[in-house]
Structures are given as structure tokens and as C-alpha cells.
Protein chains: 2
Amino acid sequence: MSAGRDSTKTKTTIIYSAMNLFAKNGYDGVSVEHIAKDANINKAMIYYYFKNKATLYETVVKKLLDDIQKTIKNESAKCQNPKEELKSFIYTFASFAQKNPHLPSLMLAELSSGGKNLPEDMFAGLKKIFSLLNKILKNGEKEGYFVEVIPIVIHFMIVGTINLFITTKDLRQRVQNEFDGDVCDDCDVDTIARYIYKKLLKMLQGE
Amino acid sequence: MSAGRDSTKTKTTIIYSAMNLFAKNGYDGVSVEHIAKDANINKAMIYYYFKNKATLYETVVKKLLDDIQKTIKNESAKCQNPKEELKSFIYTFASFAQKNPHLPSLMLAELSSGGKNLPEDMFAGLKKIFSLLNKILKNGEKEGYFVEVIPIVIHFMIVGTINLFITTKDLRQRVQNEFDGDVCDDCDVDTIARYIYKKLLKMLQGE
DNA sequence: TGTATAATTAACTAAATAGTTAGTTAATCG
DNA sequence: CGATTAACTAACTATTTAGTTAATTATACA
């Protein structure tokens, strides 16, 4: 910072406004003008810090994917065996997704269109997350903790369930009187994570 | 049809072009002009048959939701007990989703934004599908087939997994050499449905 | 056969959009 | 202090967008 004003602050503001709006409305549902207004900055600043709208979007999604992947990896390192690692994967993903509810939205939005416009390095981020679980399952199988499974299906069960649970928070609350506890409107994400782990163990252990 | 040309044919053409494009690009990712060109009709025809873009979108999604809900209900009627009903729910949803891959895309897209712009009757369609599964699980529990579960989580496990499996078809094929069979790129949806049912039974039966 | 009317079209409007540009402010440092 | 430069702004362009309208075509039916 040799001259001028606080650039990192502005850039961060842009990223967080963009993250919030992209998660709620999708890439095409948000205008650059809209992001600028939300961030209380001039629209041209977005083009000063980012090449274009697509680059800003990629920055936002890539940041979230990198963050969660690193978080899972760190937590996994503290574990002693595949069973603990699986637990850690589920709990960490759930907890991160709760703290960053934009991730589930953006992940589902991206996958819903079949990755038609998915840039290569965003795709790489998704692959890394699956790769972490895949290794856990493979190790667990080799060491006799788990039975053989189809890893991608288990992955979709965990990630799909947690993502949907988070994105439907408001919707589930809207129907609580209609479905009582069936819709788990009062559950927090930790409860769900524990539940998914418990149920998943039954799948992975019983032959 | 007292005068004029074939109206139902035109309307149907519009609906199917819209379904295809909305599923691939989302609501905001498709222009009315784009739909018109794809359907080989004049843009004004869309406004002749539908009030506006939002109404066309609702028509498309509602049709898919109604269709699948009726299909599941019909198949369920042929079953003798909750176990069969659950199997039927999973198989029928999977098979419908394969034949109509736009449904998973649109469902995930809609849920990814937290139903922010979800019209009431589209929401009702989603609720009906959950309601069918909820009854199956509740009955199964009462009649001693299943242990007590959190219905919405089981629902997300089934629907989330199948939806992701279908929308990621191309993506999974792109990485088959990287992950071998782990990504199940050669599996058909029936295989996955059978697999999910088998694994789910373990959750629902063992205490 | 002619007329009523449903189906269709081309051309339009007003607003929103992504992206640009030329100029302005403010901080830093010699 | 004053020049350099990074940070910022207002105003612009060209394109795309949802939606409208007035005129036109085609068909059934009396």
C-alpha cells in the first residue's frame, strides 16, 4: 500500500456482498450494480478489483470451497482411525455449512445446472472435498472398519442431506405446524450431523 | 377450437423448450427471446399463452411436480406394506427423475435459493412429495417395520442423493479415470435406487 | 362464400444490464 | 511541500431484457 486508501477492506466488502447475493439469487439473478449498492461502493470498483462478473463469482465460490476443504483436512489430521475421520468429515462439513450457509446454496446451484458453466478450478474444489471422503471410506474398508460401498453415493448422502437441510431452514419452519416434528424445524445442524453419522455407521458396518 | 390454428401444439412446444432451458440455466439464466427461438415461435406467442415469464416457469415446474407426485401415488397403491411402499417410493422417484432429468435440476435450483421466490403452489407440490414418504415412514413405524426416524432427513437422503446423482451425470463421467469406479459413472439410476433402498433398510431396521 | 375469431407476426418501448472511460480524491514518501 | 500513484467516482455506451401493440393470417362454421 504505497499510496491511496484501504484496498483490502474494499475488496473484502465486495466479496462478502457478492457471496451473500449470489447465494440468495444465483449468478444470473444478481447484477453488478446490485452488488455495488449492497457493498456501498461504486460499481466501477468491482471492475477495478475483478476482471468481470464471472471472475468475481469464481473468486467467491473458490474461496468457500478452499476454506471448507482446508477445514476438513485440518480436523481430519487430529483423528486416529477411519471411524473418527468419517465422524469428523460429517461434523466439520455440517458446522462449516451452518456458519457459511452460502456454501450449500452455491454448491447446489452449481450442481443443479450440471456444471454447465463450471470453471475448471471450481470443479477442482468440489473434487477435492469428495477425494477427502473417498480416502476415508477406502481406508476404513481396508482396515476392516467399513464394508465396501459406492463412495460417491455416500458422499451425496452426506453432502446432499446437509446442504438441503441448511438451504431449507426457512421453508421447514414455514410448515412446522403442518408436519410437527417430522420436519425437524427446531433441530440444529449439530443434531443432524450426529444423526447422519449414527445412521451412516449402520450402513457402513452391518454387512 | 372454433377458429384459428393448433393452439395446444404451440403451447406444448413452449412448455418443453422452457423446461429444457430453465433446467439447464435457471430462471434468470434464460430469456423469453431464447425460449421463443428454441421453440421456433414468435416471442409474443409466449405472452399470448402465458401471463409472463414467471407464470411460464411456474407452469413448467408445477407440471413436473404434479406428474411425479401422481406417479409415486399410483405405484404406491400397488404395494402391500410399508417396506414395499418405501421401495416403490425410491424406485419410482429415481426412474421418473431419470426420464425427466429437468426435475432434479429445477428442484435443486429452487431449494438452493431457500425458496426465496418459491410460489405457494410450487411449494405445495414439494410438500406433497414429502408427505407421501412421511406417511410411509410413519406407517412402517406403527406397524413395526421401521424404527423411529426423522422423516425429513430420510427424505433429503433419498431425494438429495438421487437428484445429485442425476444432475452430476456429465461431471462424474469427466472424472472417471481419476476416481475409477468410486464415482459410479457407469451406474444407471436403477442400480443406485436399489443401492439406496438396501442401505436405507439398514438404517430403518437395525435399532 | 364470407365473416367472426383464434393464432400469429414484426416492430416497438422502457428499463436494466455488463462493462468502459476520463477525470478526481487522498494518502504516502522523497 | 509537492509529486506520484493507488483508490475512487460520475457519467457514459451498447446490448439485452421483459413485456406491449397494432396489424395480419388462417380456419371453422353459418
Side-chain angles (χ1 to χ4, degrees), chain A residues 1-61 106 109 113 116-119 122, chain B residues 1-62 106 109-110 113 116-119 122:
Chain A
M1 200 194 312
S2 61
R5 285 144 272 185
D6 194 346
S7 77
T8 46
K9 190 189 157 195
T10 309
K11 200 174 175 183
T12 308
T13 311
I14 293 172
I15 288 182
Y16 281 100
S17 279
M19 194 181 284
N20 184 31
L21 291 170
F22 281 140
K24 281 197 190 110
N25 309 297
Y27 180 77
D28 294 303
V30 181
S31 70
V32 177
E33 185 68 51
H34 194 172
I35 296 169
K37 279 208 176 111
D38 186 86
N40 258 314
I41 49 118
N42 189 289
K43 186 174 74 154
M45 289 310 292
I46 291 175
Y47 292 94
Y48 182 73
Y49 288 107
F50 303 93
K51 193 188 156 206
N52 52 29
K53 189 186 175 187
T55 304
L56 171 58
Y57 180 74
E58 280 172 52
T59 307
V60 162
V61 179
L106 292 167
S113 59
K116 213 179 47 61
N117 303 311
L118 193 68
M122 266 167 58
Chain B
M1 200 194 314
S2 62
R5 285 144 272 185
D6 194 346
S7 77
T8 46
K9 189 188 156 195
T10 309
K11 200 174 174 182
T12 307
T13 310
I14 293 172
I15 288 181
Y16 281 100
S17 279
M19 194 181 286
N20 184 31
L21 292 169
F22 281 140
K24 280 197 191 111
N25 309 297
Y27 179 79
D28 293 304
V30 181
S31 70
V32 177
E33 185 69 50
H34 194 171
I35 296 169
K37 278 207 177 113
D38 186 87
N40 258 314
I41 49 121
N42 189 288
K43 185 174 73 152
M45 290 308 292
I46 292 176
Y47 291 93
Y48 182 74
Y49 288 108
F50 302 92
K51 195 187 155 205
N52 52 29
K53 188 186 175 186
T55 305
L56 171 59
Y57 180 74
E58 280 171 53
T59 307
V60 162
V61 180
K62 212 176 165 304
L106 293 166
E110 213 49 72
S113 59
K116 212 180 49 62
N117 302 312
L118 193 68
M122 265 166 60

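Convention: sequence-line order gives letters A, B, ...; per-chain numbering from 1.
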Kindly point out which of D:dA18, C:dT20, C:dA10 is positioned nearest to the side chain of B:A44?
-> C:dA10
D:dA7 phosphate, OP1 or OP2: any side-chain N/O from A:T10 under 4.0 angstrom?
-> no
In whole angstroms, the gap separating P of D:dT16 from CD of A:E33 amounts to 19 Å
Measure from NZ or CZ of B:K11 to the centre of the six-membered ring of B:F50, then state whether that distance is under 6.0 Å and the direction lies within 45° of the axis.
-> yes
Return the value, rounded to whole Å, for the distance between atom CD1 of B:I41 and atom P of C:dA10.
-> 12 Å
Output the distance between atom CD1 (A:I35) and atom CD1 (A:I15), rounded to the nearest 0.5 Å.
-> 11.0 Å
Check every strand shown and say whether A:F50 touches a base, only sugar-phosphate, or nothing at a heavy-atom separation below 4.0 Å.
-> nothing
Got a donor-acceptor pair under 3.5 Å from the side chain of B:N42 to the base of C:dA10?
-> yes
Check whether any side-chain N or O of A:Y49 sits under 4.0 Å from OP1 or OP2 of D:dC8, and answer yes or no.
-> yes
When rounded to whole Å, the CD1 to P distance for the pair A:I14 and D:dA7 reads 11 Å
Would A:L56 and A:V32 count as a side chain to side chain contact (heavy atoms under 4.5 Å, CB included) if you check the C-alpha gap in whole Å, the side-chain angles of each, and the deciding distance to 0.1 Å?
-> CA-CA 10 Å; A:L56 171 58; A:V32 177; over 6 Å; no
Rounded to whole Å, the CG-C1' distance (B:N52 to C:dA15) equals 16 Å
In whole angstroms, the gap separating C1' of D:dT16 from NZ of B:K37 amounts to 11 Å
Counting side-chain heavy atoms from C-beta on, which of D:dA7, C:dG19, D:dA18 comes nearest to A:M45?
-> D:dA7
Within less than 4.0 Å of OP1 or OP2 of C:dT17, is there a side-chain N or O belonging to A:S31?
-> yes
Please check if the side chain of A:K53 supplies one atom and the backbone of A:Y27 the other of a donor-acceptor pair under 3.5 Å.
-> yes
Reckon A:Y48 has a side-chain N or O less than 4.0 Å from the OP1 or OP2 of D:dC8?
-> no
Ignoring the backbone of A:S7, work out which of C:dA10, D:dA7, C:dG19 is nearest its side chain.
-> D:dA7
Take atom CG of B:D6 and atom P of C:dT8, then tell me their distance rounded to the nearest Å.
-> 8 Å
What is the distance, rounded to the nearest whole Å, between atom CG of B:L21 and atom C1' of D:dT17?
-> 16 Å
Side-chain contact check for B:K43: nearest option of D:dG19, D:dT21, D:dA6 is D:dG19
Would you sort out whether A:T59 and A:T55 count as a side chain to side chain contact (heavy atoms under 4.5 Å, CB included), showing the intermediate values?
-> CA-CA 6 Å; A:T59 307; A:T55 304; 4.3 Å; yes
Grab the CD1-C1' distance between A:I46 and C:dT20 for me, whole Å please.
-> 14 Å
